[in-house]
There are 2 protein chains.
Amino acid sequence: MNGMTMADSDEKQEQGVKGTQTLMRALDIMDEVIDGPIRAADLARKLGMSKTTAHRLVQALRSRNYLSVTREGFALGPKLLQLGVLATEQIDYVRVARPFMELLSDRTGFCVFVGKREGEYSRHLDRVTGTQRLRVATAPGDRRPIAETGLGKALLLDEDEAGWERLYIEARGGKPSRAQIDAYLKDMREHKARGTVLHDSELGDGVRSIAVPIRDAKGNICIAISIASAAHYLTDALRPGLAEQVVRAAEQISGAVGYSGPRRA
Amino acid sequence: MNGMTMADSDEKQEQGVKGTQTLMRALDIMDEVIDGPIRAADLARKLGMSKTTAHRLVQALRSRNYLSVTREGFALGPKLLQLGVLATEQIDYVRVARPFMELLSDRTGFCVFVGKREGEYSRHLDRVTGTQRLRVATAPGDRRPIAETGLGKALLLDEDEAGWERLYIEARGGKPSRAQIDAYLKDMREHKARGTVLHDSELGDGVRSIAVPIRDAKGNICIAISIASAAHYLTDALRPGLAEQVVRAAEQISGAVGYSGPRRA
DNA sequence: GATATGTTTCCGATATATGGGACGCGTCCG
DNA sequence: CGGACGCGTCCCATATATCGGAAACATATC
């Protein structure tokens with residue numbers, strides 16, 4: 001159809017590893033099949049390979065159960081179910097997140113944290129200390145009531161309001177006033193709508209943070225990332241721009257652990 | 001170092017598709033990585049390929065996020081999380097099961113059914129009519145109380161006893177006697193221990209069935225398969241051999257939808 | 001039954017993957 | 001401290017595994 005004939009003119013810059021054309025093409029096929037069942041002939045057209053090649057690769061993938069045959073063409077195969085489940089067990093969120101945390105720290109200069117939920121607590125898993133003189137003391141391994149940290153709030157964004165209220169009361173130990181609870185809920189609603197948590201420590205130590213949830217392949221919040229510093233540095237003026245960067249980092253990490261958007265079209 | 005040199009003795013008979021050595025080797029690597037993080041050099045040894053080749057393939061897979069690098073070697077990558085989830089949505093249990101149902105029907109001559117659970121009911125999804133004159137009337141789409149069919153019982157094997165009792169009572173509409181309930185529970189315990197459901201219809205129509213659950217990649221029972229016929233054909237003498245065959249079919253289907261055994265070693 | 005679209009097989013030329021070997025690096029050990 | 005070892009990385013000549021054309025076959029469309 002198009003001038004695909006010979007003129008692949010410039011190289012694809014994403015070739016990456018040389019000597020793997022076959023593999024790469026096969027994986028290209030997998031990527032196409034992600035979008036739903038597709039016919040071998042269509043694959044050949046879309047990927048600019050001969051019908052023969054498409055057919056050969058597709059058969060190979062099917063013989064290994066990476067693809068399955070359906071009435072409407074080839075679909076993702078059962079082997080992927082197995083691999084998916086096993087990958088879940090092998091994935092190390094911290095290791096995946098590391099490089100992105102470092103990048104974020106480099107670009108902002110702030111301390112970066114990731115943490116996960118442990119029941120009513122949030123557990124800090126990893127930290128990248130920024131370039132700033134003033135450091136936030138929280139160390140990996142620390143556990144704090146989930147409702148009272150920025151990271152924790154981010155982990156709670158999918159929770160319902162009853163959950164927020166319950167966890168807030170628990171975190172408060174004593175019994176907060178109705179007004180306090182309502183203020184907290186209002187706060188959380190805003191965070192949720194924005195997808196970003198802007199947090200000022202209630203301990204009066206002037207620590208501020210910006211936290212964003214990270215979602216796994218199933219769309220659930222699995223960990224959260226945050227940057228934190230003294231309010232003196234993390235000023236209101238800077239917040240929007242920084243929030244933007246944290247969100248971007250969170251999106252990249254989400255992608256790297258298999259998240260593929262709110263809902264596949 | 002070891003006698004790996006040349007003596008890979010017999011070829012793999014499962015080469016299947018020709019002209020895909022690279023792909024096949026890459027997928028062999030994936031299969032090795034399934035067993036846990038592994039070093040590139042070990043892959044080369046285990047799979048009888050040169051270090052160079054192993055390295056090249058591994059890099060290619062990593063560049064596509066099918067593998068990730070960890071301290072202890074290469075592990076399953078985030079892309080598999082994404083593919084796993086999407087495969088779940090694309091998998092069509094009925095289509096996967098079809099060929100196995102036909103095989104089972106051919107070999108036994110009986111009617112074969114598959115069905116899934118719908119709350120307190122079991123829904124018959126597909127049927128392969130056997131060669132026998134006498135046919136079981138249940139058609140795809142039919143819904144029966146889950147506790148009163150063989151297929152349904154197989155779907156319940158993972159349920160706890162309280163669940164069994166509740167569903168049995170519901171199925172009975174009226175209130176069964178304590179003795180009836182206990183008999184039912186005893187029955188279910190036996191089915192569960194055996195992994196196979198031997199069912200005689202309580203309607204007095206002389207219909208018998210043998211049902212076995214099918215498990216998905218997570219190990220959960222997702223559908224069940226059964227053969228059914230008149231007790232006149234499906235005699236006590238035949239039962240053990242037939243049960244064996246149904247179990248084998250169920251195992252194959254389970255494998256085809258990603259189940260990888262009770263628990264990976 | 002004729003046309004169109006997709007699937008499968010076969011085969012020779014050549015682009016492509018292969019493995020030997022070398023290098024740098026970190027670690028273990030005497 | 002120096003040497004041996006294991007691992008990841010790179011280069012390159014070579015063998016061969018891979019590619020695509022063509023055509024038989026299968027199925028859908030009209």
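Residue numbers start from 1 in every chain, and the chains themselves are labelled A, B, ... in the order their sequence lines are given, proteins ahead of strands.
Whole-Å rounding puts the B:Leu23 CG to C:dT18 P distance at 11 Å. Atoms CZ (B:Arg39) and C1' (D:dG6) sit 10 Å apart, rounded to a whole Å. The distance between atom CG of A:Leu47 and atom C1' of D:dC19, rounded to the nearest whole Å, is 15 Å. In this structure, the CG atom of A:Leu43 is 14 Å from the P atom of D:dG20, given to the nearest Å. When rounded to the nearest whole Å, the span between CG of A:Leu57 and P of C:dA17 equals 11 Å. Nucleotide D:dG8 holds its C1' atom 13 Å from the CG atom of B:Asp42, rounded to whole Å. In this structure, the CZ atom of A:Arg56 is 13 Å from the P atom of C:dT8, given to the nearest Å. One atom, CZ of A:Phe74, and another, C1' of C:dT8, lie 11 Å apart when rounded to the nearest Å.
Using a 4.0 Å cut-off between charged nitrogen and carboxylate oxygen, B:Arg25 and B:Asp28 do not count as a salt-bridge pair. Ion pair B:Lys79/A:Asp31 flagged as a salt bridge, since at least one NZ, NE, NH1 or NH2 atom sits closer than 4.0 Å to an Asp/Glu carboxylate oxygen.
At least one donor-acceptor pair closer than 3.5 Å links the side chain of B:Ser105 to the backbone N or O of B:Phe110. Side chain of B:Asp216 to main chain of B:Lys218: a donor-acceptor pair is present (N/O by atom type, distance under 3.5 Å, no hydrogens or angles). Side-chain atoms of A:Ser254 come within 3.5 Å of backbone N or O of A:Arg215 as a donor-acceptor pair.
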Atom pairs under 3.5 Å, N or O on each side, protein against nucleotides 24-30 of chain D: can you list them with distances?
none

Does the pair A:Arg64 and B:Leu23 meet the rule for a side-chain contact (heavy atoms from CB on, under 4.5 Å), with working shown?
CA-CA 10 Å; A:Arg64 295 296 215 109; B:Leu23 214 206; over 6 Å; no
Criterion side-chain contact (heavy atoms from CB on, under 4.5 Å) on A:Thr138 and A:Arg127, from CA distance to verdict:
CA-CA 9 Å; A:Thr138 323; A:Arg127 167 185 65 176; over 6 Å; no
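The side chain of A:Thr52 sits closest to D:dA22 out of D:dA22, C:dG6, C:dG19.
Taking side-chain N and O atoms only, A:Gln59 has a distance below 4.0 Å to OP1 or OP2 of C:dT8. For B:Gln21 and D:dT16, the shortest distance from a side-chain N or O to OP1 or OP2 is not below 4.0 Å. Residue A:Thr22 has a polar side-chain atom (N or O) positioned under 4.0 Å from OP1 or OP2 of C:dA17. The shortest distance between the side-chain N/O atoms of A:Arg25 and the OP1/OP2 oxygens of D:dG20 is below 4.0 Å. For A:Arg45 and C:dG6, the shortest distance from a side-chain N or O to OP1 or OP2 is below 4.0 Å. When the side-chain nitrogen and oxygen atoms of B:Thr53 are compared with OP1 and OP2 of C:dG19, one or more of them lie within a distance under 4.0 Å. Phosphate contact (OP1/OP2 of D:dG8, side-chain N/O of B:His55, threshold under 4.0 Å): absent.
In this structure, B:Tyr121 places its OH atom where only 12 or fewer heavy-atom neighbours from other residues, nucleotides or ligands lie under 6.0 Å away.
Defining each end axis of the helix from C:dG1-D:dC30 to C:dG30-D:dC1 as the rotation carrying four pairs' C1' atoms onto the next four, with five pairs an end, the two axes are found to diverge by 50° to 10 degrees.
Defined by atom type and a distance below 3.5 Å, a donor-acceptor pair is missing between the side-chain atoms of B:Arg248 and B:Gln245.
The two atoms that bring A:Lys51 and A:Ala41 nearest to each other are CG-CA, 4.5 Å, heavy atoms only.
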